[in-house]
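Notes follow once the structure below has been shown.
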Amino acid sequence: MEASSDTISRKLLNWYDAHARDLPWRARPGAPAPEPYRVWLSEVMLQQTTVAAVKDYFAEFTRRWPDVSALAAAPDEEVMAAWAGLGYYARARNLLACAREVAARGGRFPDSEEELRALPGLGAYTAAAVAAIAFGRRAVVVDANVERVVARLFALDTPLPGGRTAIREKADAITPERRSGDFAQAMMDLGATVCTSRAPRCLLCPLSAECEGRALGEPERFPVKAPKKAKPARRCRAFWIERDERVWLVRRPGKGMLGGMRALPDDGWHSRGDGTGEGPLDGPWESAGKVGHVFTHFSLELSLAVYLGNQCDSLPAEEGEWWPLDRIGEAGLPTLFAKAAHLALAGTGERV
DNA sequence: GAGCCGTGGAT
DNA sequence: TATCCAAGGCT
């Protein structure tokens with residue numbers, strides 16, 4: 001039996017009115033739409049990132065930079081350091097580029113999906129989400145939650161990524177003309193709390209009567225995904241050079257892994273190969289142990305070497321800085337190097 | 001289209 | 001412990 005699109009959107013919006021999550025970037029029920037700045041900032045932070053991980057960062061960013069012009073005026077290194085630990089650092093670079101573009105045109109975000117899509121860091125999903133949530137435009141918002149809910153609702157079994165075309169068509173068909181922002185957030189809340197990836201709570205679902213995947217008896221089978229590739233294991237060395245209660249930190253290149261972030265000097269490892277083992281000084285080095293870290297497409301074992309010599313005058317000053325040890329937490333080190341710093345300061349080298 | 005790009009929580 | 005996965009975008 002084919003459920004009508006109106007039935008689905010009406011049931012979902014009713015459910016949302018009763019069960020919407022109370023989130024810092026979301027308007028209370030009945031209140032005006034939240035500021036586009038807050039919607040945009042939250043959506044960028046939420047890209048491939050859980051609500052729980054975002055909350056503290058959102059609070060800190062909006063405290064330090066209350067509007068888009070304030071963010072646009074912030075120094076790169078402060079924003080990158082504030083983003084440290086959240087991951088996908090290209091987002092922070094694009095965030096600043098976008099803020100400066102918006103500030104340059106008067107501090108107002110464009111209100112159409114097409115213009116939003118042209119801004120740095122806004123792809124199909126984020127442009128649609130901002131257009132719908134902040135500006136009340138009808139837009140088809142498709143993220144991983146919507147993909148999962150729609151695939152189950154209509155029992156779409158073409159494997160992703162190819163199956164996304166059909167999923168998008170169905171998502172378009174059930175997106176209402178009015179309240180499409182609420183509809184999108186309702187779909188995402190449903191996906192996050194009820195129609196979860198594993199062990200969906202169909203008994204709590206407002207769409208269970210319309211769900212073809214459930215009717216087939218195994219909603220968890222949807223969406224079908226292509227098999228994943230194995231992660232290679234890589235090794236590298238990083239170097240802890242300490243002098244006068246300070247440690248030598250460098251700035252990574254603007255693109256690529258951990259691009260633009262502060263870091264310990266290392267041996268040139270990258271996603272497709274191990275490092276050379278060579279550091280910025282000849283040594284002598286003492287092993288301080290290892291830390292393990294798993295990235296999206298490879299795992300890394302980092303061996304930390306501590307400098308025991310006294311020739312650090314040869315370090316190229318313009319490519320690094322002596323950072324106070326008692327402020328290491330403010331350096332904005334991405335997690336891999338934060339682990340290494342913790343190891344160096346703890347002084348025990350057994351844990352991997 | 002496919003590879004690259006982080007992190008932490010859940011199971 | 002190993003695996004999966006999340007409010008994706010860019011090249």
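Just so we're on the same page: letters track the sequence lines, and every chain starts at 1.
The cationic group of A/Arg243 lies under 6.0 Å from the six-membered ring centre of A/Trp322 and within 45° of the ring axis, placing it in a cation-pi geometry. Relative to the six-membered ring of A/Phe298, A/Lys231 misses at least one condition, a distance below 6.0 Å or an angle of at most 45° to the axis. For the pair A/Arg327 and A/Trp323, the distance from NZ or CZ to the six-membered ring centre is under 6.0 Å and the angle to the ring normal is within 45 degrees.
Which of C/dA6, C/dC5, B/dC5 sits closest to the side chain of A/Ala144 comes down to C/dA6. Across B/dG6, B/dC4, C/dA7, the shortest atom-to-atom separation from the side chain of A/Glu43 is found for C/dA7. For A/Arg91, the listed nucleotide lying nearest its side chain is B/dG6; candidates were C/dA6, B/dT7, B/dG6. Distances from the side chain of A/Lys225 to the nucleotides C/dC5, B/dC4, B/dT7 place C/dC5 closest. For A/Ser197, whose side chain is taken as the heavy atoms from C-beta onward, the closest listed nucleotide among C/dA7, C/dC5, B/dC5 is C/dC5. Listed nucleotides: B/dG6, C/dG8, B/dT7. Nearest to the side chain of A/Tyr125: C/dG8. For A/Gln47, the listed nucleotide lying nearest its side chain is C/dG8; candidates were C/dA7, C/dG8, B/dG6.
Rounded to whole Å, the distance from CG on A/Asp56 to P on B/dT7 is 16 Å. A/Asp143 places its CG atom 13 Å from the C1' atom of C/dC5, with the value rounded to the nearest Å. Taking atom CD on A/Gln48 and atom P on B/dG9, their separation rounds to 17 Å, with Å as the unit. Separating the CG atom of A/Leu160 from the P atom of C/dC4 is a distance of 15 Å, rounded to the nearest angstrom. Distance A/Leu46 CG to B/dG9 P: 16 Å, rounded to the nearest Å. Protein atom OH of A/Tyr57 is 18 Å distant from nucleotide atom P of C/dA7, rounded to whole Å. Put simply, CZ on A/Arg198 is 7 Å from P on C/dC5, counting in whole angstrom units. The nearest whole Å value for the distance from the CE atom in A/Met45 to the C1' atom in B/dT7 is 14 Å.
Comparing the C1' positions of C/dT1 and B/dG8 gives an interatomic distance of 16 Å, to the nearest angstrom. Taking atom C1' in both C/dG9 and B/dG9, one finds a spacing of 23 Å when rounded to whole Å.
A donor N or O paired with an acceptor N or O is found under 3.5 Å between the base of B/dG6 and the side-chain atoms of A/Thr49.
Within the 4.0 angstrom heavy-atom criterion, base atoms lie near A/Met188. Looking at heavy-atom distances under 4.0 Å, A/Ala184 makes no contact with the nucleic acid at all. At a threshold of 4.0 angstrom between heavy atoms, the contacts of A/Thr126 are confined to the sugar-phosphate backbone, with no base atom among them. Base contact: A/Trp25 has a heavy atom under 4.0 Å from a base atom. Nucleic acid contact for A/Arg93: none, since no nucleic acid atom lies under 4.0 Å from a heavy atom of the residue. Across all strands shown, A/Leu86 has heavy atoms under 4.0 Å from base atoms, whether or not it also approaches the sugar-phosphate. Backbone-only contact: A/Gly85 has heavy atoms under 4.0 Å from sugar-phosphate atoms and none from a base.
Nearer to the 5' terminus of DNA chain B, by closest-nucleotide assignment, is the contact made by A/Pro161 (compared with the other of A/Tyr88 and A/Pro161). Residues A/Val51 and A/Val294 both approach DNA chain C. Their nearest nucleotides, taken by heavy-atom distance, put A/Val294 toward the 5′ side. Between A/Ala52 and A/Leu258, the one whose closest nucleotide on DNA chain B sits nearer the 5' end is A/Leu258.
Taking the six-membered ring where the residue is Trp, the centroids of A/Phe239 and A/Trp285 are separated by under 6.0 Å. The distance between the ring centers of A/His297 and A/Phe295 does not fall below 6.0 angstrom.
In this model, the phosphate group of B/dG6 is not approached by any side-chain N or O of A/His293 to a distance below 4.0 Å at OP1 or OP2. Distances shown here put every side-chain N or O of A/Arg148 at or beyond 4.0 Å from the OP1 or OP2 atom of C/dC5. OP1 or OP2 of C/dT11 has not a single side-chain nitrogen or oxygen of A/Lys255 nearer than 4.0 Å. For B/dG6, the OP1/OP2 oxygens have no side-chain nitrogen or oxygen of A/Thr296 closer than 4.0 Å.
A salt bridge is defined here as a Lys NZ or Arg NE, NH1 or NH2 lying under 4.0 Å from an Asp or Glu carboxylate O, and A/Asp17 with A/Arg179 meets this definition.
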For this session: Could you walk me through whether A/Glu321 and A/Arg262 pass the salt bridge (charged side-chain N to carboxylate O under 4.0 Å, His left out) test, one step at a time?
Result: CA-CA 10 Å; A/Glu321 56 192 324; A/Arg262 264 194 202 101; 2.7 Å; yes
